Amino acid sequence: MTGQVRTVDGRVAGRRGQATRQKLLDCLSEMLSSSPYRDVKVIDVARKAGTSPATFYQYFPDVEGAVLEIAEEMAKEGASLTDLVAGRSWVGKSGWQAAEELVDGFLGFWRKHDAILRVVDLGAAEGDKRFYKIRMKILNAVTSSLTDSVKELQSKGKVDKDVNPAAVAGSLVAMLAAVASHQKGFQSWGVKQAELKPNLALLVHLGITGKKPTR
């Protein structure tokens with residue numbers, strides 16, 4: 001945790017205060033993994049953290065405020081998703097490797113943050129601009145780099161000039177996000193995780209390069 005942590009009334013929290021605040025966030029994160037977001041109450045979070053609702057309200061205005069804190073931290077980590085794409089070659093076998101690693105990293109990030117991402121998706125779908133901005137921050141980390149990859153392939157004559165790089169990149173990232181949030185559902189279709197990844201990577205590779213991958 002960097003920078004000064006302040007209470008709701010603007011006071012700087014000391015070391016113990018910061019530890020209490022972080023414990024509240026950790027307990028809330030854990031509860032979101034097992035309970036519907038709307039069912040999580042301040043008193044339950046405080047009890048799980050071994051403190052009081054009054055202490056919770058020293059650091060957060062309500063449960064939603066604490067959830068947004070968790071979501072913002074998750075989005076900061078999501079910025080690193082751009083490293084899966086930035087500067088990668090999509091030519092030959094390197095292209096297939098890039099597609100595989102993008103899919104693996106994207107699905108892994110979604111699994112790690114599944115609970116908070118479900119809340120972010122819900123808030124964004126309901127029109128809450130705060131959650132929408134967080135969701136777009138995560139998706140933009142990949143979309144921008146993928147757009148650059150398509151533009152580079154176009155400049156080398158490897159992708160048709162009529163292709164809109166941003167449209168292709170945005171469509172692929174939207175697909176990745178939808179699949180990532182539905183990973184458990186694929187099992188009901190008889191698709192194992194080990195089968196999902198290479199087939200999703202195939203779609204990504206085809207979308208970026210327009211060609212079958214060289215493996």
Side-chain angles (χ1 to χ4, degrees), residues 8 24-46 48 56-57 59-85 99 102-147 150 164-191 193 196-197 199-201 203-204 207-208:
V8 171
L24 286 164
L25 289 175
D26 291 342
C27 288
L28 175 56
S29 293
E30 192 176 330
M31 292 175 74
L32 290 174
S33 298
S34 57
S35 304
Y37 165 53
R38 307 293 190 201
D39 292 349
V40 177
K41 308 299 181 188
V42 168
I43 191 169
D44 298 322
V45 179
K48 188 174 183 64
F56 180 97
Y57 286 120
Y59 301 103
F60 311 105
D62 47 33
V63 170
E64 186 175 78
V67 165
L68 281 164
E69 289 277 345
I70 297 170
E72 286 286 2
E73 285 301 312
M74 178 267 299
K76 289 177 184 176
E77 185 178 331
S80 65
L81 288 171
T82 190
D83 296 336
L84 297 169
V85 185
L102 172 58
V103 166
D104 194 46
F106 206 96
L107 296 187
F109 178 82
W110 236 258
R111 281 196 305 275
K112 179 180 178 182
H113 299 287
D114 175 62
I116 190 64
L117 279 163
R118 276 190 277 109
V119 178
V120 169
D121 283 347
L122 175 64
E126 292 179 342
D128 190 315
K129 291 181 179 179
R130 297 168 301 174
F131 285 112
Y132 175 77
K133 286 180 179 178
I134 289 171
R135 189 175 194 277
M136 289 307 296
K137 189 182 296 184
I138 298 165
L139 300 186
N140 286 344
V142 180
T143 305
S144 297
S145 292
L146 273 185
T147 299
V150 178
N164 184 308
V168 168
S171 298
L172 289 172
V173 172
M175 176 187 72
L176 283 170
V179 172
S181 64
H182 192 68
Q183 290 182 69
K184 294 177 182 177
F186 278 88
Q187 295 175 6
S188 66
W189 296 334
V191 180
Q193 186 74 17
L196 174 61
K197 287 183 181 180
N199 285 281
L200 187 55
L203 290 174
V204 170
I208 294 295

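Here the structure is a predicted model, which means the values were calculated and not measured. FYI, the numbering just counts along the sequence from 1.
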Closest heavy-atom contact between [X] and [Y]?
X	Y	result
G207	V168	O-CG1, 3.3 Å
A141	G78	CB-O, 3.7 Å
L139	A177	CD2-CB, 4.0 Å
S35	V40	CB-CG2, 4.2 Å
S29	I70	OG-CD1, 3.3 Å
L146	A169	CB-CB, 3.7 Å

Fill in: Gap separating the CD atom of E69 from the CG atom of L28, nearest 0.5 angstrom
11.0 Å
Discussion item. Working to the nearest 0.5 angstrom, can you tell me the gap between L117 CG and K112 NZ?
Written reply: 11.5 Å
Less than 4.5 Å apart, any side-chain heavy atom of [X] and any of [Y]?
X	Y	answer
R38	L122	yes
I138	F109	yes
L84	V142	no
K137	N140	no
E72	I134	yes
L102	L176	yes
M31	D39	no
V120	M74	yes

Which class fits the ring pair [X] and [Y]: parallel under 30°, tilted 30 to 60°, perpendicular over 60°?
X	Y	answer
Y37	F131	perpendicular
F106	W110	parallel
W189	F186	perpendicular

Practice prompt. Verify the neighbour count for atom NZ of K133: are there more than 12 heavy atoms of other residues, nucleotides or ligands below 6.0 Å?
Written response: no
Kindly say whether [Y] contributes a backbone atom to a donor-acceptor pair with the side chain of [X] at under 3.5 angstrom?
X	Y	result
S188	G185	yes
Q183	L107	yes
S181	A178	yes
S80	E77	yes

Worksheet item: Is any side-chain N of the basic residue among D44 and K48 closer than 4.0 Å to the acidic one's carboxylate O?
Response: no
Worksheet item: Residues in side chain to side chain contact (heavy atoms under 4.5 Å, CB included) with R130, at least two apart?
Response: E64, L68, D128
